[in-house]
Amino acid sequence: MKIRRKNMKTSIFNVLEKLEKQSSLEKSRKVDVPPNERMLAITKETGEILNMLIRLKNAKNMLEVGMSVGYSTIWCAEAIIENDGKIITIEQNSEKIKRAKENFQDANISDIITIQEGLAIQILRNLSLDEKYKNFFDFVLIDADKENVIEYFDMILPLVSIGGVIITDNMLYPEKYREEMKKFSSHIKSNQNVRTITSPIGNGEEITIKLR
Ligand SMILES: C[S@@+](CC[C@H](N)C(=O)[O-])C[C@H]1O[C@@H](n2cnc3c(N)ncnc32)[C@H](O)[C@@H]1O
């Protein structure tokens, strides 16, 4: 029996459901999607947790690094919208941005999302130079390329408010990222300004809180 997500707007529910179907086809390899068109989305379970954490924290200003076609963004937006918040999300692939914009329109959440197109490192550098964004974000999702994950984290931390939360995807899966994510894990665990845990949810989610 299909259980409807309670209290979720139909427009958002429908887009999430459509993307979940696409994602499971992609993962099952029943369709042959070229690598640069793959959604590579977080799991539904991770989407639910992100949504719940945003609600618990009453987060208003969110930053996402690695939007793809917007599945994770929509899960977060569903909660952020209720807190009267906004999302800045970064993506370099213009075709995915086009698909994400359509998804945001269909979900009726475009108003609260600003897409920054380009290389994450460059965009984060620009945000860091703007005083407005110092200690600004209370919720962050890092889910882009893994080679630069340490650099992203270090650039993002000063932009996060005290008590703000940073989630990093793919801590445990796929296995090809294990070595990089282990280095990332030791890097953040040695930082006295954060408290962090690796949770087995989805592909392994690092949940980090900025303490000071
Ligand atoms: C794992 S996918 C993101 C999935 C998305 N968070 C979701 O769950 O729906 C990673 C995305 O990051 C983008 N990306 C990879 N490296 C990037 C970079 N250096 N700058 C900006 N975007 C990047 C890719 O194009 C890809 O769409």
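Just follow the structure's listing: the first ligand is 1, and inside any ligand the first atom is 1.
- Those atoms of ligand 1 with a heavy atom of Y152 less than 4.0 angstrom away are 18 (C), 19 (N).
- At a threshold of 4.0 Å, the pair E117-K98 does not count as salt-bridged, since none of the basic side-chain nitrogens sits closer than that to a carboxylate oxygen.
- Each of the following atoms of ligand 1 lies closer than 4.0 Å to a heavy atom of L119: 19 (N), 20 (N).
- Of all protein heavy atoms, the one closest to atom 20 (N) of ligand 1 is A120 N, 2.9 Å.
- Taking 4.0 Å as the cut-off, G47 does not count as a neighbour of ligand 1 on heavy-atom distance.
- E206 and T196 form a side-chain donor-acceptor contact under 3.5 Å, judged by distance and modelled atom types alone.
- The distance from ligand 1 to the heavy atoms of S68 drops below 4.0 Å at these ligand atoms: 3 (C), 4 (C), 5 (C), 27 (O).
- Of all the heavy atoms in S185 and T198, the pair that sits closest is OG-OG1, 4.4 Å.
- Panel note: side chain K86, backbone I80; no donor-acceptor pair is recorded below 3.5 Å.
- Of the charged side-chain nitrogens involved, none lies within less than 4.0 Å of a carboxylate oxygen, so that R99 and E102 do not count as a salt-bridged pair.
- Remark: among candidates G66, A144, G118, the nearest residue to atom 21 (C) of ligand 1 is G118, based on non-hydrogen atoms.
- Counting heavy atoms under 4.0 Å from ligand 1, residue K96 touches it through the side chain alone.
- When each atom of ligand 1 is checked for a heavy atom of M67 under 4.0 Å away, the hits are 5 (C), 9 (O).
- Counting heavy atoms closer than 4.0 Å to ligand 1, residue W75 contributes nothing at all.
- Within 6.0 Å of atom CD in Q192, 12 or fewer heavy atoms from other residues, nucleotides or ligands are found, so the atom counts as exposed in its surroundings.
- A donor-acceptor contact shorter than 3.5 Å is absent between the side chain of K146 and the backbone of Y177.
- When atom types are taken as modelled, the side chain of N193 and the backbone of R212 share no donor-acceptor pair closer than 3.5 angstrom.
- Looking only at heavy atoms of the protein, atom 25 (O) of ligand 1 is closest to E91 OE2, 2.6 Å.
- By the 3.5 Å distance cut-off applied to N or O atoms, L40 is not counted among the residues near ligand 1.
- What sits closest to atom 7 (C) of ligand 1 on the protein, heavy atoms only, is S72 OG, 3.1 Å.
- Looking only at distances, no side-chain donor or acceptor of E205 sits under 3.5 Å from a matching main-chain atom of S199.
- Within 6.0 Å of atom NZ in K27, more than 12 heavy atoms from other residues, nucleotides or ligands are found, so the atom counts as buried in its surroundings.
- The protein heavy atom nearest to atom 14 (N) of ligand 1 is Q92 NE2, 3.8 Å.
- In terms of heavy atoms, S128 sits closest to L159 at CA-CD2, 3.9 Å.
- Considering only non-hydrogen atoms, atom 16 (N) of ligand 1 lies nearest to D145 out of N203, I90, I97, D145.
- The shortest N or O to N or O distance between N93 and ligand 1 is not below 3.5 Å.
- The nearest non-hydrogen atom to atom 10 (C) of ligand 1, considering only D143, N148, D169, comes from D143.
- Protein heavy atom closest to atom 8 (O) of ligand 1, with residue, atom name and distance, is I42 N, 2.8 Å.
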